[in-house]
Amino acid sequence: MQAQGDSRTHTPHMPHTAHPPRAADTGGALVGGDGRHWERLADGVVRRRLPEWDATVGAVSGDDGALVIDTGSSLREGAGIRADVTALLCRRVRWAALTHPHFDHVFGTAVFSGAQVYAAVGAAAFLDRHGEALRDDAVAHGLPEDEAAEAADVLARPHHPVSGQLTLDLGGREVVLVNVGPAHTEHDLAVLVPGDPDVVFCGDLVEESDEPQAGADAHPARWPAALDRLLALGGEEALYVPGHGTVVDAAFVRAQREELARRFAGPGA
């Protein structure tokens, strides 16, 4: 999702075919409350494509609880995510990782009371400064004004800033949180879930259902290097989960990296 101040007009995420992803076997669909569909990516690793903006949320289970990756665009959406993860993984949500501080990825965080929240260093200060701007951006993109205002009023700040790399123990399973920005925003966090296969949650560093969105808070010249770090993190056989769209492979990420390098080449990028 682009941030407020992007000179381009936002359009709904629609599939494109420039570099179609080679979808690996993701293990089939799971159904949460009210018929909400989740996708199994690996043992104890699931994700859902949310309505409206096609944003991704993910979840990982360990013996001690579950981690959610991003929290949705509203408190209502966050509540559905929490209920589904608790039911599908049979674990209480104890941790949340925010891939970047845009409304469609963080406005549900307050619902996860008691969870420890992780984000790239500086994200908490960004949310402190820009809560009203995020509210306005959400309304501009179609979130009802009352829902946007409520989410902004109780917007939860991350408890744990990630600078570099941090390993989080979920109990019998470790995940790796990696600060890979700035790129799409000042505060981009990726999540590696080692397994069979490895799964990398990319946030909006990678988008499949539309071209990557470069808003006023983006660092376009540094974006290709961030994708290099994602590829080094996951390798050739990993599943890469974009911030919007279908799960993709390393070839798709590499092709998008080359597209971004061409798109943002030149002075002022």
Original post:
side-chain contact (heavy atoms from CB on, under 4.5 Å) between Ile69 and Thr99: does it pass, once the steps are laid out?
Top reply: CA-CA 7 Å; Ile69 298 120; Thr99 62; 3.8 Å; yes
Is there a side-chain contact between [X] and [Y] in this structure, where contact means two heavy atoms from C-beta onward sitting under 4.5 Å apart?
| X | Y | result |
| --- | --- | --- |
| Ile81 | Phe112 | yes |
| Pro212 | Arg263 | yes |
| Val200 | Val191 | no |
| Val45 | Phe201 | yes |
| His141 | Phe103 | yes |

Minimum heavy-atom distance [X]-[Y], with the two atoms named:
| X | Y | value |
| --- | --- | --- |
| Ala66 | Val85 | CB-CG1, 3.9 Å |
| Ser73 | Trp53 | OG-CZ3, 3.3 Å |
| Pro242 | Val248 | CD-N, 4.5 Å |
| Phe107 | Ala138 | CE2-CB, 4.0 Å |

Original post:
Given the rule in the side-chain hydrogen bond (donor to acceptor under 3.5 Å, both in side chains) test, do Glu186 and His219 qualify, once you have shown the distances and angles that lead to the verdict?
Top reply: CA-CA 7 Å; Glu186 293 265 2; His219 291 255; 3.0 Å; yes
Original post:
If you measure from CG on Asp249 to CG on Leu239, what distance do you get to the nearest 0.5 Å?
Top reply: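 Those atoms lie 9.0 Å apart.
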Original post:
For the atom pair CG (Asp70) and OG1 (Thr56), what is the distance rounded to the nearest 0.5 Å?
Top reply: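 Answer for the CG-OG1 pair, Asp70 versus Thr56, is 8.5 Å.
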Subject >> Pair Leu41-Arg47, side-chain contact (heavy atoms from CB on, under 4.5 Å): steps then yes or no >> reply: CA-CA 7 Å; Leu41 304 179; Arg47 74 100 180 215; 3.8 Å; yes
Donor-acceptor pair, distance only, cut-off 3.5 Å: does the side chain of [X] make one with the backbone of [Y]?
| X | Y | answer |
| --- | --- | --- |
| Trp223 | Leu260 | no |
| Glu208 | Thr246 | yes |
| Asp63 | Leu170 | no |
| Asn179 | Val162 | yes |
| Arg91 | Gly62 | yes |
| Asp169 | Gly171 | yes |
| Arg173 | Ser61 | yes |
| Glu39 | His37 | no |
| His244 | Asp210 | no |

In terms of side-chain geometry, is the basic nitrogen of [X] or [Y] positioned less than 4.0 Å from the acidic oxygen of its partner?
| X | Y | result |
| --- | --- | --- |
| Arg254 | Glu259 | no |
| Asp128 | Arg157 | yes |
| Asp84 | Arg48 | no |

Original post:
Given Thr71 and Arg82, is the side-chain hydrogen bond (donor to acceptor under 3.5 Å, both in side chains) satisfied, shown in steps?
Top reply: CA-CA 8 Å; Thr71 60; Arg82 181 169 187 164; over 6 Å; no
Subject >> side-chain contact (heavy atoms from CB on, under 4.5 Å) evaluation trace for Phe126 with Asp217 >> reply: CA-CA 11 Å; Phe126 179 92; Asp217 56 344; 4.2 Å; yes
**OP:** Step through the shown structure and confirm whether more than 12 heavy atoms of other residues, nucleotides or ligands are within 6.0 Å of CD on Glu145.
**Re:**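 Counting neighbours around CD of Glu145, 12 or fewer heavy atoms of other residues, nucleotides or ligands fall under 6.0 Å, so no.
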Original post:
Under 6.0 Å from the CD atom of Glu237, do we count more than 12 heavy atoms belonging to anything else shown?
Top reply: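 Count not over threshold, so no.
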Original post:
Does the pair Asp204 and Glu207 meet the rule for a side-chain contact (heavy atoms from CB on, under 4.5 Å), with working shown?
Top reply: CA-CA 6 Å; Asp204 285 6; Glu207 295 197 39; 4.1 Å; yes
Original post:
Do Asp54 and Ser209 have side-chain atoms, one donor and one acceptor, less than 3.5 Å apart?
Top reply: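 Yes, Ser209 and Asp54 have a side-chain donor paired with an acceptor closer than 3.5 Å.
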**OP:** Determine the interplanar angle of the His184 and His102 rings, folded into 0 to 90°, and report it as parallel if under 30°, tilted if 30 to 60°, perpendicular if over 60°.
**Re:**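 Because their plane-to-plane angle is over 60°, the rings of His184 and His102 count as perpendicular.
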